[in-house]
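Throughout, protein chains are lettered first and strands after them, A, B, ... in sequence-line order, and every chain is numbered starting at 1. Note that these values count all heavy atoms, side chains included, but never hydrogens, waters or copies made by symmetry.
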Number of protein chains: 2
Amino acid sequence: MREPNEMPGHLARRFQQIAVAVFLAEIEDAGFDLTPVQYAALATIKANPAIDQITLAGQIAYDRTTITGVVDRLVQKGLVLRQTSSRDRRARELTITDAGRTTLRRITPAVEAAQQTMLRGLTETEAAELMRLLRKAIAAGNELSRAPLRENAG
Amino acid sequence: MREPNEMPGHLARRFQQIAVAVFLAEIEDAGFDLTPVQYAALATIKANPAIDQITLAGQIAYDRTTITGVVDRLVQKGLVLRQTSSRDRRARELTITDAGRTTLRRITPAVEAAQQTMLRGLTETEAAELMRLLRKAIAAGNELSRAPLRENAG
DNA sequence: CGTTATTGATCAGCATACTGATCATCAGTA
DNA sequence: TACTGATGATCAGTATGCTGATCAATAACG
């Protein structure tokens with residue numbers, strides 16, 4: 001086989017593995033208990049009041065079946081409210097609670113620190129270039145996963 | 001919050017998500033049923049006959065508790081043999097079977113195709129640069145995850 | 001209006017990944 | 001040799017992430 005270090009798939013797994021570990025460590029140091037996925041969902045719900053779960057999933061590229069469990073846990077922690085929509089009784093409207101807002105505000109420094117830490121081996125220029133290349137590769141492959149990004153309503 | 005597209009952690013998750021989807025699709029098209037993780041383990045066992053599970057985990061940066069299930073499935077598929085070591089009865093010696101060797105050989109083109117596909121939005125130069133930057137970031141963060149890379153015996 | 005298709009959500013089942021614990025075995029030392 | 005610590009493997013429990021199915025509700029159409 002090719003060297004693992006020569007395989008983009010292997011590098012993708014390793015980088016993601018480190019990114020998650022760094023995120024969890026920073027959040028725990030800050031005294032909170034929130035996963036990367038839960039954070040992204042919470043921030044997106046705050047920015048889009050009364051968003052339904054499918055739209056939420058599309059905005060952050062989650063699988064629709066994964067979102068159910070993630071929201072379950074956010075609700076259970078009291079950070080999010082889930083209510084059946086009155087306009088479409090199939091849909092669940094998600095709203096951030098005061099506790100959710102407080103948590104989000106308090107963990108922001110830890111989240112930012114984590115983003116720095118996971119790139120600590122790179123110069124500023126290299127970090128920017130890595131992000132540009134990741135965005136470009138992701139854009140080209142967006143439709144290849146079951147959970148593509150869906151920018152807006154449409 | 002920052003734009004998700006400005007957060008390296010989010011980009012890492014998305015790129016890995018696409019990489020796995022592409023890998024699985026290519027392997028299935030080739031008529032096989034093997035995950036990225038199972039592939040990496042199988043290839044490493046072939047290259048290191050009688051390797052124990054801890055060393056295997058270190059070579060490809062798996063968590064030690066994850067490796068148990070992965071090897072379980074490789075054994076169940078008849079691709080790998082797991083035997084208690086005679087020199088150290090705590091350890092399990094892993095060996096690739098003929099079926100495992102055949103599978104590895106046959107899926108190699110699909111694996112290579114997957115590596116191409118997940119970078120299809122990038123030029124050759126960009127792809128090489130992305131991999132260089134990932135390797136550099138990973139090297140700097142290696143010790144931050146519970147499952148760091150352990151190059152060799154030691 | 002009634003039939004059909006689509007959509008939002010959930011579920012069962014499986015495969016990574018991790019935390020932390022346990023167990024058997026081995027190595028080092030008094 | 002007996003004790004202590006380290007090591008290889010596994011397990012229980014939890015959280016993503018997926019496939020494919022199901023169910024209720026809505027939309028689209030004749």
Side-chain angles (χ1 to χ4, degrees), chain A residues 9 12-14 16-25 28 33-41 51-58 60-77 82-94 144-148 150 153, chain B residues 9 12-14 16-25 28 33-41 51-58 60-77 82-94 144-148 150 153:
Chain A
R13 184 179 69 81
R14 293 277 288 124
Q16 150 78 352
Q17 181 182 48
I18 291 166
V20 171
V22 166
F23 185 98
L24 291 175
E28 190 186 355
D33 170 32
L34 211 67
T35 67
V37 163
Q38 288 166 16
Y39 166 77
I51 194 174
D52 66 290
Q53 294 185 182
I54 291 281
T55 307
L56 169 60
I60 44 188
Y62 288 8
D63 189 86
R64 65 183 192 280
T65 61
T66 303
I67 208 77
T68 299
V70 173
V71 172
D72 278 353
R73 287 177 278 278
L74 288 174
V75 168
Q76 215 234 313
K77 287 175 181 175
R82 170 160 47 187
Q83 302 170 284
T84 299
S85 166
S86 52
R87 284 163 312 166
D88 183 343
R89 280 177 315 192
R90 290 170 303 182
R92 308 281 177 271
E93 286 179 355
L94 305 175
L144 302 180
S145 84
R146 174 163 133 160
R150 299 291 179 217
Chain B
R13 185 179 67 82
R14 293 275 289 124
Q16 150 78 351
Q17 179 182 51
I18 291 166
V20 171
V22 165
F23 185 98
L24 292 175
E28 190 186 353
D33 169 33
L34 211 66
T35 67
V37 164
Q38 287 166 17
Y39 167 76
I51 194 174
D52 67 291
Q53 294 184 183
I54 291 280
T55 308
L56 170 60
I60 44 188
Y62 288 7
D63 188 87
R64 66 183 190 278
T65 61
T66 302
I67 207 79
T68 300
V70 173
V71 172
D72 278 352
R73 287 176 278 281
L74 288 174
V75 168
Q76 214 234 314
K77 287 175 181 176
R82 171 161 45 188
Q83 303 170 284
T84 298
S85 166
S86 53
R87 285 162 311 165
D88 183 344
R89 278 177 319 190
R90 291 170 302 181
R92 307 282 176 270
E93 286 178 356
L94 305 175
L144 301 180
S145 84
R146 174 164 133 160
R150 297 292 178 219

Check your understanding: Would one find more than 12 heavy atoms of other residues, nucleotides or ligands at under 6.0 Å from atom CG of A:D33?
Key -> no
Review point. Under a 3.5 Å cut-off for both distances, is D:dC3 Watson-Crick or wobble paired, and to whom?
Key: C:dG28
Check your understanding: To the nearest 0.5 Å, what is the distance between CD1 (A:I60) and CZ (B:R14)?
Key -> 10.5 Å
Check your understanding: Is it true that the side chains of B:D52 and B:T55 contain a donor and an acceptor less than 3.5 Å apart?
Key -> yes
Exercise for review: Kindly say if A:Q16 contacts the phosphate of D:dT16, meaning a side-chain N or O under 4.0 Å from OP1 or OP2.
Suggested key: no
**Study point:** Chi angles and distances behind the side chain to side chain contact (heavy atoms under 4.5 Å, CB included) call for B:R13, A:V20
**Key:** CA-CA 9 Å; B:R13 185 179 67 82; A:V20 171; over 6 Å; no
Revision key, fill the gap. Closest of D:dA21, D:dG17, C:dA17 to the B:T66 side chain is C:dA17
Point to revise | Upstream residue (5' side of DNA chain C) when A:I51 and A:A21 are each assigned their closest nucleotide | key: A:I51
Check your understanding: Hey, is the side chain of A:R89 poking within less than 4.0 Å of OP1 or OP2 on D:dT26, counting only N and O atoms?
Key -> yes
Got a list of protein N/O to nucleotides 11-15 of chain D N/O distances below 3.5 Å?
none

Review point. Any sub-3.5 Å donor-acceptor pair from B:R92's side-chain atoms to B:R90's backbone N or O?
Key: yes
Practice item. Could you tell me whether the phosphate oxygens of D:dT10, OP1 or OP2, come under 4.0 Å of any side-chain nitrogen or oxygen in B:R82? Key: yes
**Study point:** B:Q53 and B:R82 side chains, donor-acceptor separation under 3.5 Å
**Key:** yes
Review point. Does the side chain of A:R87 get closer than 4.0 angstrom to OP1 or OP2 of D:dT26 through an N or O atom?
Key: no
Check your understanding: What is the nucleic acid contact for A:D63, judged by heavy atoms within less than 4.0 Å: base, sugar-phosphate only, or nothing?
Key -> base
